[in-house]
Protein chains: 2
Amino acid sequence: MSGPALAPVFAALADDTRWQILAELGRCDLSASALAARLPVTRQAIAKHLALLAEAGLVEPVRAGREIRYRALGARLSETARALEAIGAEWDRRLAAIKRLAEERS
Amino acid sequence: MSGPALAPVFAALADDTRWQILAELGRCDLSASALAARLPVTRQAIAKHLALLAEAGLVEPVRAGREIRYRALGARLSETARALEAIGAEWDRRLAAIKRLAEERS
DNA sequence: AGTGCGTGCAACTTCAGAGTTGCACGAGCA
DNA sequence: TGCTCGTGCAACTCTGAAGTTGCACGCACT
């Protein structure tokens, strides 16, 4: 298996609220309080999600004066995408082999 | 945007037992009972996971005599991978634009 | 026909995590 | 120098998901 563990990334991407957060951060860097103002959850909930996302390597904290803004990191997503692509291709390759065998038999 | 629609797929991929199931199905098609014999959980638990995976489009039921075998579908995985790649590229593109602005100002 | 294996449905327990409220701390602005 | 705004930590509730046991149904071989 490749270096970084994918499981935390999947767990992080499984929650809908975290996708909303990521969607906002995809437009511009925002602080936890700023995100709380745009989403229907409290700042503390946002903070927990941001900690989880940072742990998964999907966002990065950036100090801006006295507040802490968060930045969306595309690298981890691309990394995960490539891993998924490889696994999916492997499955389809097995399927293609089975189909080929079935046609040869007939 | 098909962004938030990805959440169910990742919810399906977030569980470790489901990854074990997918790993087994990646080798060959198996029924719920056969999977239960290879994994340390009961058949009913397996059945629930299979229903979830089928709902997410990651697995497909195939009738084989009186039993129902399940097949891993790589298409959904590739589809998800491409969506992730696109989103990640979008984020990095914005970052690159910001960096360019900072360099022009200096 | 009868029987067994595989499947499906339902109730129950357990536990992680999503969200809330409340309060305390501390760095930045006027 | 105050004082405000943003952040961090802790305890609590509550919903949903994972897993179990138990039982009933049905198709498929003998």
Side-chain angles (χ1 to χ4, degrees), chain A residues 5-25 27-72 76 80, chain B residues 3-25 27-72 76 80:
Chain A
L6 312 158
V9 181
F10 293 132
L13 294 177
D15 188 76
D16 189 61
T17 300
R18 282 194 283 271
W19 272 105
Q20 296 183 248
I21 292 178
L22 289 175
E24 294 291 337
L25 293 183
R27 295 196 195 91
C28 62
D29 299 353
L30 290 169
S31 68
S33 299
L35 281 167
R38 307 184 182 210
L39 298 180
V41 287
T42 60
R43 176 185 62 83
Q44 288 80 353
I46 301 278
K48 288 184 185 178
H49 287 307
L50 286 173
L52 224 159
L53 289 169
E55 188 73 22
L58 291 168
V59 298
E60 181 189 33
V62 178
R63 296 217 47 139
R66 73 172 164 185
E67 56 181 44
I68 302 179
R69 302 216 180 114
Y70 286 83
R71 166 166 304 167
R76 202 49 162 282
T80 307
Chain B
L6 298 170
V9 180
F10 283 106
L13 294 177
D15 188 77
D16 189 61
T17 301
R18 281 193 285 272
W19 271 107
Q20 295 182 248
I21 293 176
L22 289 175
E24 294 291 337
L25 294 183
R27 294 197 196 92
C28 63
D29 299 353
L30 291 169
S31 68
S33 299
L35 282 167
R38 307 183 182 210
L39 298 181
V41 286
T42 60
R43 177 186 60 83
Q44 288 80 353
I46 301 279
K48 287 184 185 178
H49 286 308
L50 287 173
L52 224 159
L53 289 170
E55 187 74 22
L58 291 169
V59 140
E60 182 189 34
V62 178
R63 296 218 46 140
R66 73 173 162 182
E67 58 181 43
I68 302 179
R69 302 215 179 116
Y70 287 83
R71 166 165 305 167
R76 200 47 162 282
T80 306

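Reckoned from all heavy atoms, side chains included, excluding hydrogens, waters and symmetry mates. A, B, ... follow the sequence lines: proteins, then strands. Residue 1 opens every chain.
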>> Roughly what angle, to 10°, lies between the helix axis at the start of the helix from C:dA1-D:dT30 to C:dA30-D:dT1 and the one at its end, five pairs per end?
In response: 30°
> What pairs of residues pass the side-chain hydrogen bond (donor to acceptor under 3.5 Å, both in side chains) test when at least one of them lies in residues 6-19 of chain B, not counting sequence neighbours?
Replying inline: B:R18-B:H49
> Pairs in or reaching into residues 48-57 of chain B: which pass salt bridge (Lys or Arg N to Asp or Glu O under 4.0 Å), with residues at least two apart or in two chains?
Replying inline: none
>> I want to check one thing: is the phosphate of C:dG19, taken as OP1 and OP2, less than 4.0 Å away from some side-chain N or O of A:H49?
In response: yes
> Between D:dG19 and B:T17, is there an OP1 or OP2 to side-chain N/O distance shorter than 4.0 Å?
Replying inline: yes
Grab the [atom1]-[atom2] distance between [X] and [N] for me, whole Å please.
X: A:L35; N: D:dT7; atom1: CG; atom2: C1'; answer: 14 Å
X: A:L50; N: D:dG6; atom1: CG; atom2: C1'; answer: 13 Å
X: A:I21; N: C:dG19; atom1: CD1; atom2: C1'; answer: 12 Å
X: A:R18; N: C:dA18; atom1: CZ; atom2: C1'; answer: 9 Å
X: A:I46; N: C:dT20; atom1: CD1; atom2: P; answer: 9 Å
X: B:D15; N: D:dG16; atom1: CG; atom2: P; answer: 18 Å

>> Nearest to the side chain of A:A45, heavy atoms from C-beta on, is which of D:dT20, C:dA18, C:dT20?
In response: C:dT20
> side chain to side chain contact (heavy atoms under 4.5 Å, CB included) with A:A45: which residues, sequence neighbours excluded?
Replying inline: A:V41, A:T42
> Can you name the residues that form a side chain to side chain contact (heavy atoms under 4.5 Å, CB included) with A:L35, not counting sequence neighbours?
Replying inline: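 Partners of A:L35 under the side chain to side chain contact (heavy atoms under 4.5 Å, CB included) test: A:I21, A:E24, A:L25, A:L30, A:I46, A:L50.
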> What one-letter contact string describes nucleotides 1-14 of chain C from 5' to 3', where B marks a base within less than 4.0 Å of any protein heavy atom, S marks contact via sugar-phosphate atoms alone, and - marks no contact?
Replying inline: ---BBSBBB-----
Residues in salt bridge (Lys or Arg N to Asp or Glu O under 4.0 Å) contact with [X], at least two apart in sequence or another chain:
X: A:D29; value: A:R71, B:R94
X: A:E67; value: A:R69
X: B:R66; value: none

> Closest heavy-atom contact between A:A12 and A:L53?
Replying inline: CB-CD2, 4.1 Å
>> If I compare all heavy atoms of B:A14 with all of A:A11, which pair ends up nearest, and what's the gap?
In response: CB-CA, 3.9 Å
>> Below 4.0 angstrom, which residues in residues 52-64 of chain A have at least one non-hydrogen atom near DNA chain D?
In response: none
> For B:R76, which residues count as a side-chain hydrogen bond (donor to acceptor under 3.5 Å, both in side chains) partner, sequence neighbours excluded?
Replying inline: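 Here no residue qualifies.
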>> Tell me every residue that passes ring-ring contact (aromatic ring centres under 6.0 Å, His included) with B:F10, counting only those two or more places apart in sequence or in another chain.
In response: A:F10
